[in-house]
Structures are given as C-alpha cells and as structure tokens.
Amino acid sequence: MNLKGRSLLTLKDFTFKDIEYLLDLAEDLKRKKRMGIRGELLKGKNIALIFEKPSTRTRCAFTIGCIDEGAHPEYLGKDDIQLGHKESIEDTARVLGRLFDGIQFRGFKQETVEKLAKYSGVPVWNGLTDLYHPTQVLADFLTIKEKFGHLKGIRFVYVGDGRNNMANSLMIGASKMGMDFSIAAPKNLWPKEELVLECKKFAEKSEAKITITEDVNSVVIGADVIYTDVWCSMGEEEKAKERIKLLKPYQVNTSLMKKTEKNTTIFMHCLPAVKGNEVTEEVFESDASVVFDEAENRMHTIKAVMVATLS
Ligand code: CP
Ligand code: NVA
C-alpha cells in the first residue's frame, strides 16, 4: 500500500484497503509505543498545525505523534497567522508548502482545507471542519476493532445531531468498511440527502447498510456500538436552547443502553462531552464506555496517517 503524498481531507477519498492499512499501521505503532520504542519514521520532517478552532485531543495527538517519530510540530493558532484575513489561503498555503512537509488544518470551512491541499503541494490532514472529522473516525474504528476484532457487520448506531461533522464522517467510514450503520435523529437534523446517497453507493460495494430514522428506541435494538456527540458543535453555541429541546429524547442514558438487549454494547463519544445533555454521567462513567480508549487512539491513528503519507 502506498499512501505517500496523499492528503486526508475526507474518508470519501480512501478505499476499504487504504483504511484497513492505516488501522493496521496504527496498531503496530501503538504496540511499539507500549514497548517504549521511539522511532525515526518522521525524522527531519516539519509539520504545521493550523487551528482556527480550539482542540485538546487533536492538537496533542499530532504534537506527540510528531515528536515520537522525530518530526518537529509547529502550532499556528488563529491569532498567530493571517490565514484568509490579511493573506489569502492560497498564498499562505504556498508559503507553508515551501517550509513544511505536511499541514494539519482544523477550522470552519471544508473549502479551506481543500484549498490548502491544492496550493501547498504537501500532504494536508483535516483535523476537523464543519463538515468532516476523518481522523476521529480512524481512532473510533481502531477502538471498535480492539473491542470486537472486526468492523464488518458491526451494528453501529449514532444518536443525536445527525448532520454534524461526526455523523457525516462516521457514515462515510462505516459505508466504506461494510458496517451496519444507523443514525437516529429528529428529521431536521438528518444528514444531507446527497451525502446519504453517496454513502449508499459506497455501501453497495462493501455490503454496508445505512439507515436514517427518527425512531431511536427501535434502532438501538441489537446495537454493538452506541455513539453520540455534542448537540451544538463548535461555532453553533447560539443554538443551544433549541437543540436541547429537540434532542432531549435522543439522550444516551441507561434506559437507552438497556434497549440494545445486549450486555456487550459499547458507548462511544469523540469528546469533549456535555454530560447531562447528549449522555448521562452514568453511561459516560459505566463499564460500557470506551471514550478514553478512543481519545488515546487519536494519537496512534494520527501518527499512522502522518507516517503513511510522508514516509
Ligand atoms: N475529539 C476531538 O477532536 O477532540 P478535540 O476537539 O479536543 O481535538
Ligand atoms: N461535532 C463536534 C466535534 C468535536 C470533536 C464539534 O465540531 O464541535
């Protein structure tokens, strides 16, 4: 498998085999890290980390991923550079492309990360935009593989805001990997029809199933994974009141977890979580919760993405 020179803007551009390769590589790198072996797979590389929005996990995962393998990470916060304000994205991209070997971007518009990739000439990795969060999905899939041994056929139910970056990206990833994927959300928070159709096309090839429904109580029966995310993503804070009202019936609580009728169901969340909204403290702290495995796996999978696309 050769992913050298590739950008990761959305998982739409990655095949079943590409994703499998990245997960296998992440598993290897995780094993190596656990054994205390520090590598040089990114030796001499300089990596720009552009953040328009705040981050704990993504920032730290990229930073540690770089340092573990000998690269130099450079954090560029929203007030540090002129991106899109005093300098066009195209110009900043061309400058950074001359200086850095790879660029991570977290921010608002998907268009920005796409422009960075087009004009910088180096691999660009999407660390979250309003539309997608592909590196999170890799961490989530590695976590599922660790818990169940496989991805194909896993009954995965995403509950809550069904049209945010996580719902979109999980649906894309699941449709590539042959999973039985459902979104339970109120109708006006369903993903765009166009994206659902695109994912259904991927699903034809992988034998995945895609279901979008309002009926959360029925769809969770038999679920292996119940996943949720915040009800207001970064930049949508003013919608809080309206979302709480709309999404209250979609809270992941102990009663919903019991409706899976399985005692092996795991609870997942990309974090940060607003406990009391999308998930109760009880579920978050329960034995079913694997949220901190996911958080750790951000680092191993992001490291794998950098290693695969740079070396
Ligand atoms: N899950 C995630 O992306 O976390 P951060 O916002 O802390 O990076
Ligand atoms: N949907 C959330 C994900 C955070 C990792 C947001 O965009 O804020």
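Predicted model only: the values in this text are computed from it and were never measured. Indexing begins at 1, ligand by ligand and atom by atom, following the structure's order.
- In this structure, Lys12 is not positioned above the aromatic face of Phe202 in the sense of NZ or CZ being under 6.0 Å from the six-membered ring centre and within 45° of the axis.
- Heavy-atom separations between Lys53 and ligand 1 are all 4.0 Å or longer.
- Between His133 and ligand 2, no pair of N/O atoms sits closer than 3.5 Å.
- In terms of polar-atom proximity, Arg59 is not counted as a contact of ligand 1, lacking any N or O under 3.5 Å from an N or O of the ligand.
- At a threshold of 4.5 Å between non-hydrogen side-chain atoms, the residues Thr15 and Lys176 do not count as touching.
- The closest donor-acceptor contact from the side chain of Lys209 to the backbone of Ser182 lies at 3.5 Å or more, if one exists at all.
- Between Cys270 and ligand 1, an N or O atom pair is found at a separation short of 3.5 Å.
- Inter-residue side-chain proximity for Val95 and Asp91 is flagged as unmet; no heavy-atom pair is nearer than 4.5 Å.
- Partners of Lys30 according to the side-chain hydrogen bond (donor to acceptor under 3.5 Å, both in side chains) rule, which considers only residues two or more places apart in sequence or in another chain, are Glu146, Asn297.
- Note on residues 248-270: pairs passing salt bridge (charged side-chain N to carboxylate O under 4.0 Å, His left out), not counting sequence neighbours, are Asp224-Lys262.
- Looking at ligand 2, you won't find any N or O of Lys53 less than 3.5 Å from one of its N or O atoms.
- With a heavy-atom cut-off of 4.0 Å, Leu271 touches ligand 1 through its backbone alone.
- Not close to ligand 1: Glu294, with no non-hydrogen atom less than 4.0 angstrom away.
- A donor-acceptor distance shorter than 3.5 angstrom exists from the side chain of Thr92 to the backbone of Ser88, with no hydrogens or angles considered.
- Distance from atom 4 (O) of ligand 1 to its nearest protein heavy atom, with residue and atom name: Arg57 NE, 2.8 Å.
- Residue-ligand proximity: Leu271 is placed with a non-hydrogen atom under 4.0 Å from ligand 2.
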